[in-house]
Amino acid sequence: ESTGTTPFIKEIFLGRCLELQTETAIPNACPQSPVNCTLLWDVFHDAIAYKDPCAIPLDAYREFIAAVPHQLPADKSMFWSGTSYIVHEYTEAANDLLTLEDTLLGYMVDGLQWCSSTDASSTGLNYQECPDFWQEGCAVASTAFYTATSSAIGRQATGVITVMLDATRTDGAYRNDSFFAKYEFPNMDPEKVTRGDIILVNRLGNPIVETCGTGSVAVLERLFTEKGIEWTCTDNDERVYHVQCSKDPTHTECITPADVTGSS
Ligand code: NAD
Ligand code: CXR
């Protein structure tokens with residue numbers, strides 16, 4: 001078992017919710033009308049409070065989803081799988097696409113942990129310990145939360161969508177059991193989504209396992225085609241490569257021969 005609910009989760013949630021409503025936070029992610037952050041916290045909290053932390057139904061966050069005003073501009077949706085370490089650095093640097101974690105649906109709890117306590121004398125959340133999400137036979141809150149939020153952003157996507165996958169993963173860039181495969185892609189409406197741009201990135205220092213048109217990437221390309229959505233695929237996306245190198249400037253893959261020999 002891991003540690004419990006992130007201390008001060010309520011304060012963090014409220015602070016982030018307020019922060020996201022200032023135009024300066026994340027361009028294009030600011031909700032059109034003012035949001036009642038206190039109400040959103042109550043709905044988020046009540047979704048699981050005092051329930052068995054291992055028996056959270058997948059629809060627990062239905063009210064939360066309904067309470068969050070969420071409509072991204074067309075062509076702005078960025079989905080990802082296996083690339084959490086770089087996708088947000090990329091969206092922040094390029095400033096043209098938004099992930100779930102950049103919007104009011106995912107921003108407040110990104111990187112936080114939370115679970116319920118059945119103790120009637122508690123606040124309804126357990127700050128001592130939480131079950132791990134991969135624990136057998138345990139339906140945790142975060143699974144319900146990401147199932148609901150992923151489904152919502154999949155449903156709501158319009159125009160050109162982008163998905164960033166890791167081509168160096170040995171278990172496949174596109175995995176059938178990922179949130180992207182289970183809840184985002186299937187919920188995309190071919191009437192609204194005009195094209196899917198697959199971008200492959202390589203974790204620096206790792207061998208490339210898959211390329212466009214091969215392995216699990218070919219599976220995803222075929223799924224787009226079957227759904228009637230056009231697609232493109234880019235190997236070794238150069239824009240992301242530059243962001244990777246800005247985070248790790250001395251990595252051997254980032255130093256050009258000219259840099260190595262040119263020091264005098
Ligand atoms: P992935 O396999 O890279 O998983 C995404 C992250 O969620 C990883 O850090 C993984 O360890 C963690 N994770 C997996 N199951 C979890 C669970 N039940 N509870 C909490 N964390 C869990 O890629 P994926 O499965 O395709 O998910 C990515 C897509 O789904 C994104 O497009 C995003 O919109 C959404 N999503 C986001 C998060 C997040 O932590 N912000 C988690 C799950 C899904
Ligand atoms: O989504 P990935 O993790 O790329 O997952 C790599 C594999 C997964 O297939 C999953 O089965 O590793 C497994 N895994 C864990 N064992 C695990 N333990 C903790 C996935 N996530 C785990 N975590 C939590 O999720 C940690 O908080 C960690 C994050 C993994 O992120 P990453 O994107 O590297 O920070």
Side-chain angles (χ1 to χ4, degrees), residues 1-6 9 12-13 16 20 26 29 44 47-48 53-61 64-65 68 70 72 76-92 97-116 130-157 161-188 193 196-201 203 206 209-210 216-217 219-220 223 240:
E1 289 197 340
S2 50
T3 51
T5 299
T6 305
I9 188 171
I12 296 169
F13 184 105
R16 288 184 180 178
L20 200 63
I26 301 174
F44 176 82
I48 62 159
C54 273
I56 304 299
L58 283 187
D59 65 358
Y61 290 93
F64 177 75
I65 302 290
V68 173
H70 184 81
L72 281 184
K76 295 285 181 201
S77 298
M78 169 67 101
F79 300 91
W80 55 272
S81 192
T83 51
S84 59
Y85 75 102
I86 195 68
V87 68
H88 303 113
E89 311 284 353
Y90 174 77
T91 54
E92 192 183 346
L97 298 172
L98 298 164
T99 65
L100 169 63
E101 297 74 27
D102 294 319
T103 73
L104 200 58
L105 272 178
Y107 190 68
M108 281 87 84
V109 297
D110 187 28
L112 309 185
Q113 173 159 283
W114 69 97
C115 66
S116 45
C130 284
D132 294 315
F133 66 75
W134 56 88
Q135 198 175 304
E136 194 82 41
C138 178
V140 301
S142 60
T143 300
F145 181 81
Y146 286 113
T147 297
T149 52
S150 289
S151 303
I153 61 163
R155 258 194 318 273
Q156 293 169 6
I161 66 97
T162 307
V163 58
M164 186 189 291
L165 304 177
D166 178 2
T168 66
R169 265 186 93 122
T170 49
D171 55 349
Y174 174 80
R175 286 164 296 119
N176 291 327
D177 64 345
S178 67
F179 281 91
F180 173 72
K182 287 202 297 192
Y183 305 111
E184 294 177 332
F185 179 81
N187 278 307
M188 288 175 199
V193 174
D197 290 343
I198 304 165
I199 60 180
L200 300 183
V201 306
R203 205 179 261 267
N206 288 71
V209 178
E210 293 184 328
S216 72
V217 183
V219 172
L220 178 59
L223 288 170
V240 183

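Both ligands and their constituent atoms are indexed starting at 1 by order of listing. As the structure is a prediction and not an experimental result, all values here were calculated from the model.
Atom 13 (N) of ligand 1 has its nearest heavy-atom neighbour, among Tyr174, Phe133, Trp134, in Phe133. Selection from Ser150, Ala144, Ser142 by nearest heavy atom to atom 20 (C) of ligand 1 gives Ser142. For the residues Phe185, Trp80, Tyr146, Tyr183, the heavy atom positioned nearest atom 6 (C) of ligand 1 is part of Trp80.
Atoms of ligand 1 lying under 4.0 Å from at least one heavy atom of Ile153, given by number and element, are 34 (O). For ligand 1, the atoms sitting less than 4.0 Å from at least one non-hydrogen atom of Asp110 are 41 (N), numbered in the order shown with element in parentheses. Short contacts between ligand 1 and Thr143, defined as distances under 4.0 Å to a heavy atom of the residue, involve ligand atoms 17 (C), 18 (N), 19 (N).
Residue contacts with ligand 1: Phe180 is placed with a nitrogen or oxygen under 3.5 Å of a nitrogen or oxygen of the ligand (distance criterion only). For a threshold of 3.5 Å applied to N or O pairs, the pair formed by Gly82 and ligand 1 contains at least one separation below that value. Geometrically, ligand 1 and Thr83 share no nitrogen or oxygen pair separated by less than 3.5 Å. Between Phe179 and ligand 1, at least one N/O pair is under 3.5 Å apart. For ligand 1, the polar-atom distance check finds an N/O of Glu101 within less than 3.5 Å of one of the ligand's N/O atoms.
Although no hydrogens or angles enter the test, the distance criterion places a donor-acceptor pair under 3.5 Å between the side chain of Ser178 and the main chain of Ala181. Under the 3.5 Å distance criterion, the side-chain polar atoms of Asp110 are left unmatched by any main-chain donor or acceptor of Gly106. Under the 3.5 Å distance criterion, the side-chain polar atoms of Thr143 are left unmatched by any main-chain donor or acceptor of Ala139. Distance alone, capped at 3.5 Å, is enough to place a donor-acceptor pair between the Glu210 side chain and the Ala173 backbone.
Considering all non-hydrogen atoms of both residues, Leu105 and Ala152 come closest at CD1-CB, 4.1 Å.
Contact annotation: for Ser81 versus ligand 1, heavy atoms closer than 4.0 Å belong to both the backbone and the side chain.
Taking the six-membered ring where the residue is Trp, Tyr61 and Phe145 present perpendicular rings, their angle passing 60° and hence far from 30°. Aromatic ring pairs are classed by plane angle as parallel below 30°, tilted from 30° to 60° and perpendicular above 60°; the pair Phe44 and Phe64 is perpendicular.
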